[in-house]
2 protein chains.
Amino acid sequence: MAMGRPRAFDADAALDQAMEVFWRHGYEGATIAQLTEVMGINPPSLYAAFGSKEGLLKAALDRYSAKRACWLEEIVSAPTAREVAERMLMGTADSQTDPANPPGCLLVQGGLACGTGSENVPFELAAHRAQTENQLRERFVRAKAEGDLKETADPAALARYLSAVIAGMGVMASSGADREALRQVAAVSVKAIEEQSNS
Amino acid sequence: MAMGRPRAFDADAALDQAMEVFWRHGYEGATIAQLTEVMGINPPSLYAAFGSKEGLLKAALDRYSAKRACWLEEIVSAPTAREVAERMLMGTADSQTDPANPPGCLLVQGGLACGTGSENVPFELAAHRAQTENQLRERFVRAKAEGDLKETADPAALARYLSAVIAGMGVMASSGADREALRQVAAVSVKAIEEQSNS
DNA sequence: CCACATTTGTAGCGCTCACTACATTATGGA
DNA sequence: TCCATAATGTAGTGAGCGCTACAAATGTGG
């Protein structure tokens, strides 16, 4: 059997470029013309590799999550719930204002509401956001079992809380909040977790 | 001088309908066809009254803010910073999950990122969000002056914090979080303000 | 009743959108 | 070498977008 002409572009590098366009303009605001230009390919190559605009988004989201995975692992490996929260929030403040990326978070900027025909895009984003919340919840369940969090603490509620603050920071970052402003938000938020911790 | 044919539709009622479309589908996801249908008018009437799709959005945002204004006034009239925060957050949890409206908040759902040609839409939304933050900040400045908030408290940071949590709750509501989940987030958030209060 | 001013409904403008037909080119296997 | 296979570049496709020209309709002032 013949193997066909080999792909002439690096799919991961192209995905990184596409990710940035979705991040900056949102799913609906990003056009195939913009995407193909930054990816350095033509539409047929895009559709052969990713199937559709939505397929490209999913691939970009997967790559985004994959890139964050090890960072997240390191965060939840912190010794206490308080420290997990602090590293998580401060790290978020920094990454959401990192000039190397568009401001905010792709999983929020990507599109909370979409037009007819793209209704599942918001669901896709929400599913990826839920991954982080799940990791936090599991970590807080452990923290409670270890006696690090108070008996009265609700790990699921705390994880949801952090998830909300992170999303909120993304909204603020996208509208121009600078790193110092986000760090202040993070600092206040940590107190709420601290308050549920022992000692 | 003659006065011309009178307008045959109620602009405010039409705006309420348009608001809901922007809320549910975002600025870019909302089409003129959808908007004119729910408004019960034809495109020329829309353009005569509001100038453009963006003009319609601005009018809808103004109306949205106007509707919230008296509610906000009542919130910040609560006796203490803690109570302001609690009413604000609990009220937000309720309104963002009110089945009478689309889930979340128009000022977040409307569009955080837009395509080329609509770059100022996110700014418009951010400006309206900033109004709430400003009211909260002024209220917390007063609370600090009254000795209600600790000497070490930073009113601007607390207002930014609440603003972030509110935006984050909007993100969660739009992806299906129910009222109870948002109330839990609100409850945890209040503790952070409580922690900065005297007694 | 008439002239003017403004809105309304019909119909469709130009444009951009996501997506693709097709011929060409580049590889591996027989 | 020659075929099968798959990616590439060119050049579009139909559909839907925001928006508008135009004439008929509906009001007011004289």
Side-chain angles (χ1 to χ4, degrees), chain A residues 1-15 17-19 21-22 24-61 110-111 113-122 124, chain B residues 1-15 17-19 21-22 24-60 110-111 113-121 124:
Chain A
M1 291 290 280
M3 292 291 284
R5 178 173 175 172
R7 181 177 283 158
F9 65 95
D10 177 8
D12 282 339
L15 266 184
Q17 299 301 314
M19 191 189 302
V21 174
F22 283 131
R24 198 175 298 279
H25 297 294
Y27 175 74
E28 293 189 313
T31 69
I32 297 293
Q34 286 177 318
L35 290 164
T36 53
E37 185 183 348
V38 301
M39 294 169 85
I41 60 177
N42 292 309
S45 298
L46 191 159
Y47 283 89
F50 304 105
S52 65
K53 186 183 178 185
E54 195 170 326
L56 176 61
L57 176 72
K58 287 183 186 175
L61 291 178
C114 279
T116 310
S118 309
E119 292 92 348
N120 38 343
V121 166
E124 287 287 335
Chain B
M1 292 289 282
M3 292 291 283
R5 178 173 175 173
R7 181 176 285 159
F9 66 96
D10 177 7
D12 282 339
L15 266 184
Q17 300 300 316
M19 191 190 301
V21 175
F22 283 132
R24 198 175 297 281
H25 297 293
Y27 175 74
E28 294 189 312
T31 69
I32 298 293
Q34 285 177 318
L35 291 163
T36 53
E37 185 183 349
V38 302
M39 294 168 87
I41 61 177
N42 292 308
S45 299
L46 191 158
Y47 284 89
F50 305 105
S52 65
K53 186 183 179 186
E54 194 170 327
L56 176 61
L57 175 72
K58 287 183 186 175
C114 280
T116 311
S118 309
E119 292 92 348
N120 39 340
V121 166
E124 287 288 335

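Per chain, numbering begins at 1; letters A, B, ... match sequence-line order.
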### Nucleotide nearest A/Pro6 (side chain, heavy atoms from C-beta), chosen from C/dT8, C/dA26, D/dG18
C/dA26
Which heavy atom of [X] sits nearest to which heavy atom of [Y], and what is that distance?
X        : Y       : value
B/Ala11  : B/Phe50 : O-CZ, 4.5 Å
B/Ala33  : B/Thr36 : O-OG1, 3.0 Å
A/Ala113 : A/Glu28 : O-OE1, 4.1 Å
B/Leu15  : B/Ala60 : CD2-N, 3.7 Å

### Task
Specify the angle, to 10°, made by the local axes at the two ends of the helix from C/dC1-D/dG30 to C/dA30-D/dT1 when five pairs are taken at each end.
0°
Atom [atom1] of [X] to atom [atom2] of [N]: distance rounded to whole Å?
X       : N      : atom1 : atom2 : answer
A/Phe9  : D/dA6  : CZ    : P     : 15 Å
B/Lys53 : D/dT20 : NZ    : P     : 14 Å
A/Phe50 : D/dA7  : CZ    : C1'   : 13 Å

### Task
Evaluate side-chain contact (heavy atoms from CB on, under 4.5 Å) for B/Glu124 paired with B/Tyr27, printing each intermediate quantity in order.
CA-CA 11 Å; B/Glu124 287 288 335; B/Tyr27 175 74; over 6 Å; no
### First encountered from the 5' end of DNA chain D, between A/Ala8 and B/Glu54
A/Ala8
### Task
Measure the shortest side-chain to side-chain distance between A/Phe22 and A/Leu35 over non-hydrogen atoms and say whether it is less than 4.5 angstrom.
yes
### Base D/dT5 paired with A/Arg5 side chain (donor-acceptor, <3.5 Å)
no
### Query
Does the base of D/dA7 carry an N or O that pairs as donor and acceptor with the side chain of A/Arg7 under 3.5 Å?
no
### Query
Does the B/Glu119 side chain pair with the main chain of B/Gly117, one donor and one acceptor, at a distance under 3.5 Å?
yes
### Query
Rounded to the nearest 0.5 Å, how far apart are NZ of A/Lys53 and OG of A/Ser118?
7.0 Å
### Task
Could you identify which residues of residues 32-48 of chain B place a heavy atom less than 4.0 Å from some atom of DNA chain D, listed by residue number, or say none?
B/Ile32, B/Pro43, B/Pro44, B/Tyr47
